[in-house]
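See structure below.
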There are 2 protein chains.
Amino acid sequence: MTLYNPTEEAEIPEVVIRRLPIYARTLAELLGHGIGSVSSNELADRIGVTAAQIRRDLSYFGKFGKQGKGYDIAYLVSEIHRILNLTQDWDVALVGFGHLGQAIARYRGFRESNFRIAAVFDDDPEKIARPAGPEGLEVLSHARITDVVRERGIRIGIIAVPAAAAQQTAELLIAGRVVALLNYAPVVLQVPDHVCVRDIDPVAMLQSMTYYLDKSYLRAHAHANGLVEDK
Amino acid sequence: MTLYNPTEEAEIPEVVIRRLPIYARTLAELLGHGIGSVSSNELADRIGVTAAQIRRDLSYFGKFGKQGKGYDIAYLVSEIHRILNLTQDWDVALVGFGHLGQAIARYRGFRESNFRIAAVFDDDPEKIARPAGPEGLEVLSHARITDVVRERGIRIGIIAVPAAAAQQTAELLIAGRVVALLNYAPVVLQVPDHVCVRDIDPVAMLQSMTYYLDKSYLRAHAHANGLVEDK
DNA sequence: CACGTCCTGTGAAATATGTAACGACGCGAC
DNA sequence: GTCGCGTCGTTACATATTTCACAGGACGTG
Ligand SMILES: NC(=O)c1ccc[n+]([C@@H]2O[C@H](COP(=O)([O-])OP(=O)(O)OC[C@H]3O[C@@H](n4cnc5c(N)ncnc54)[C@H](O)[C@@H]3O)[C@@H](O)[C@H]2O)c1
Ligand SMILES: NC(=O)c1ccc[n+]([C@@H]2O[C@H](COP(=O)([O-])OP(=O)(O)OC[C@H]3O[C@@H](n4cnc5c(N)ncnc54)[C@H](O)[C@@H]3O)[C@@H](O)[C@H]2O)c1
């Protein structure tokens, strides 16, 4: 139906894109252990997916392995980074400097992975002008979100404000040409098509797990352990 | 093929289960605005899915709507809560009381949704015995994870320890009969089949979004705004 | 009480995603 | 150089998920 086009335009499924960072992270970990190459099988075991899936996912982008040998880890990591546009550093705007926002600003994980918190905003006069984060960053007024983000060419925003303020915050960021949002507020954001949103909602995750925690399920596994208790 | 069995055993797709909390949250929000009923179309618009999907999802569990009328919100919320086992409160064990762990312990969102942080663990002697969270909770030694969790019948754990300690922490929790894990550490946990894991990985989410942020994409949308810039 | 409108629940069709299977290649041993 | 083993990339198949589209119930109106 669709012609095979090895270079690009092949319309990659989004699930595949979401798995690539996990592949990259796991490969980098192996590299840290001094391991230089890995087969799809070994990698699959470590990640908890099938080997076929890994080979298939990678085949959307090209040929990275060697038959009989597996993948050269350093090379594959660099290829995945290239695919994901992680060869450059990305500036990120953080909005909301409350409990969560401060934890995010301090979190080393972002910096270690090409993401730099380049601007922090809040609407609390007490917090504005306070130092934020390791380098001389200070908290700016939320009134300046759109202008600052646009001037600095920031394309990624993190929303860590109360639910009631999240939609408006998204709009201010988008007005400043942000096109990727990481949203911690428990709200579904309404955004234009060209904007990409990812939600982080620990409560929803817990709530979806309790579905599997009814009594019969727990009873069954208590049995499996050879132990049955009440409550 | 499979007989229709309205009561149970119908093997519900996991994606469906993951959407239910969002439905419940959105419905509760509408209820807060004083709205008493809603059609699948209105709800779909608000959530950003199709109406057919909502109707189909709900139909796995029964018939909750009225033709011509839509869904009675209060009733539907209570039904979804029943389905998700949210009619009871759930005790949760939190392991790791660093920056993230402290933010989690303070977060009101869990408490407001049936989840109670019932025990907190850390391995730093400085932190052990310190008060943790609003009510008289104190930080316990990680050596006690398995015993305490088992004694108190806690089935849900939150992992907020460094990546290197996450697997071992999961094992201690599982040994204490925890069967649901919310994992904040950037590691793929290896767990038995009967244990349910959800990962929260903001870095991976950002990395999957940058795929869509290459130059041509940004250029295209700058055009759409009638503006083209370099950088 | 007949009619029109609105909206559900659900089969059937369309897509999307995951898995299995295998031909072909690289490499080391002999 | 040929054999044998291990592993890739890919195609064909299997399963999962979403969407379409419509029969039919509920309700208000006249
Ligand atoms: N704390 C957590 O662990 C956690 C976890 C998951 C999700 N969340 C969500 O993240 C959000 C923030 O949570 P928190 O615990 O940090 O709350 P918080 O009240 O501590 O912080 C919110 C911050 O946002 C600021 N703010 C409010 N309106 C604003 C606006 N219009 N523009 C800019 N800043 C504004 C406030 O001044 C405050 O500093 C909430 O939506 C919450 O549901 C929190
Ligand atoms: N801070 C964030 O915003 C954030 C966001 C996402 C993910 N994470 C992840 O969450 C984890 C914690 O991050 P953090 O910023 O809170 O780090 P942190 O160093 O501030 O806290 C880690 C805590 O875990 C404790 N700990 C270490 N080993 C332990 C063990 N074996 N048993 C019990 N406790 C142990 C430490 O004493 C410390 O108190 C990390 O894996 C990190 O990658 C953090």
Side-chain angles (χ1 to χ4, degrees), chain A residues 1-7 10-20 22-23 27 30 35-73 75-77 79-80 83 208 211, chain B residues 1-7 9-20 22-23 27 30 35-73 75-77 79-80 83 188 208 211:
Chain A
M1 202 64 60
T2 3
L3 287 175
Y4 175 53
N5 181 337
T7 38
E11 207 48 69
I12 318 285
E14 193 189 293
V15 261
V16 174
I17 302 298
R18 286 182 190 246
R19 279 191 293 262
L20 292 185
I22 308 303
Y23 296 170
L27 290 164
L30 290 171
I35 301 168
S37 74
V38 70
S39 70
S40 57
N41 257 296
E42 294 161 340
L43 186 58
D45 283 349
R46 197 165 281 262
I47 296 182
V49 299
T50 65
Q53 181 159 77
I54 291 178
R55 293 202 300 274
R56 175 67 118 84
D57 283 354
L58 295 175
S59 79
Y60 281 106
F61 305 97
K63 304 180 180 188
F64 307 109
K66 298 228 187 307
Q67 281 114 328
K69 201 73 184 310
Y71 299 90
D72 179 90
I73 296 185
Y75 172 64
L76 184 52
V77 169
E79 284 297 294
I80 294 177
I83 293 164
S208 71
Y211 173 79
Chain B
M1 203 62 60
T2 4
L3 287 176
Y4 175 53
N5 181 338
T7 40
E9 318 290 357
E11 208 47 69
I12 317 285
E14 192 189 294
V15 263
V16 173
I17 301 298
R18 285 183 191 246
R19 279 191 294 262
L20 292 185
I22 309 303
Y23 296 170
L27 290 164
L30 290 171
I35 299 167
S37 74
V38 71
S39 70
S40 58
N41 258 295
E42 294 162 340
L43 186 58
D45 284 349
R46 197 165 281 261
I47 296 181
V49 299
T50 66
Q53 180 158 78
I54 291 178
R55 294 200 300 272
R56 160 77 72 212
D57 284 354
L58 295 176
S59 79
Y60 282 105
F61 305 97
K63 304 181 179 185
F64 306 109
K66 297 227 186 309
Q67 282 113 327
K69 200 76 185 308
Y71 300 90
D72 179 89
I73 297 184
Y75 171 64
L76 185 52
V77 169
E79 284 297 295
I80 295 177
I83 292 164
V188 177
S208 72
Y211 173 79

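Bear in mind the structure is a predicted one, so any value in this text is a computation, not a measurement. Residue numbers start from 1 in every chain, and the chains themselves are labelled A, B, ... in the order their sequence lines are given, proteins ahead of strands.
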Atom pair distance, as rounded to whole Å: [atom1] in [X] and [atom2] in [N]:
X: A:I54; N: D:dT10; atom1: CD1; atom2: P; value: 16 Å
X: A:F61; N: D:dG9; atom1: CZ; atom2: P; value: 13 Å
X: B:D72; N: C:dT8; atom1: CG; atom2: P; value: 13 Å
X: B:K63; N: C:dT8; atom1: NZ; atom2: P; value: 14 Å
X: B:I17; N: D:dA16; atom1: CD1; atom2: C1'; value: 15 Å

When rounded to the nearest 0.5 angstrom, what distance separates CG in B:L58 from OH in B:Y71?
-> 5.0 Å
Please round to the nearest 0.5 Å and tell me the distance separating atom CG of A:L27 and atom CG of A:L30.
-> 6.0 Å
By side-chain hydrogen bond (donor to acceptor under 3.5 Å, both in side chains), which residues pair with B:D57, not counting sequence neighbours?
-> B:R19, B:Y23
Can you name the side chain to side chain contact (heavy atoms under 4.5 Å, CB included) partners of [X], sequence neighbours left out?
X: B:D45; value: none
X: A:Q67; value: none
X: B:T50; value: B:A52, B:Q53
X: A:R56; value: A:S59, A:Y60

Protein-to-nucleotide contact annotation, 5' to 3' order, nucleotides 13-20 of chain C [B base; S sugar-phosphate only; - none; under 4.0 Å, heavy atom] | ----SBBB
Could you run down nucleotides 23-30 of chain D 5' to 3' and tag each one B, S or - for protein heavy-atom contact under 4.0 Å?
-> -BBS----
Closest non-hydrogen contact found for A:S208 with B:I17 is O-CG2, 3.5 Å
For DNA chain C, find the residues of residues 38-48 of chain B with a heavy-atom distance under 4.0 Å and give them by number; none if there aren't any.
-> B:S39, B:S40
Considering residues at least two apart in sequence or located in another chain, which fulfil the salt bridge (Lys or Arg N to Asp or Glu O under 4.0 Å) criterion with B:R46?
-> none
Applying salt bridge (Lys or Arg N to Asp or Glu O under 4.0 Å) to A:E42 and not counting sequence neighbours gives none
To the nearest 10 degrees, the angle between the two end axes of the helix from C:dC1-D:dG30 to C:dC30-D:dG1 (five pairs per end) comes to 10°
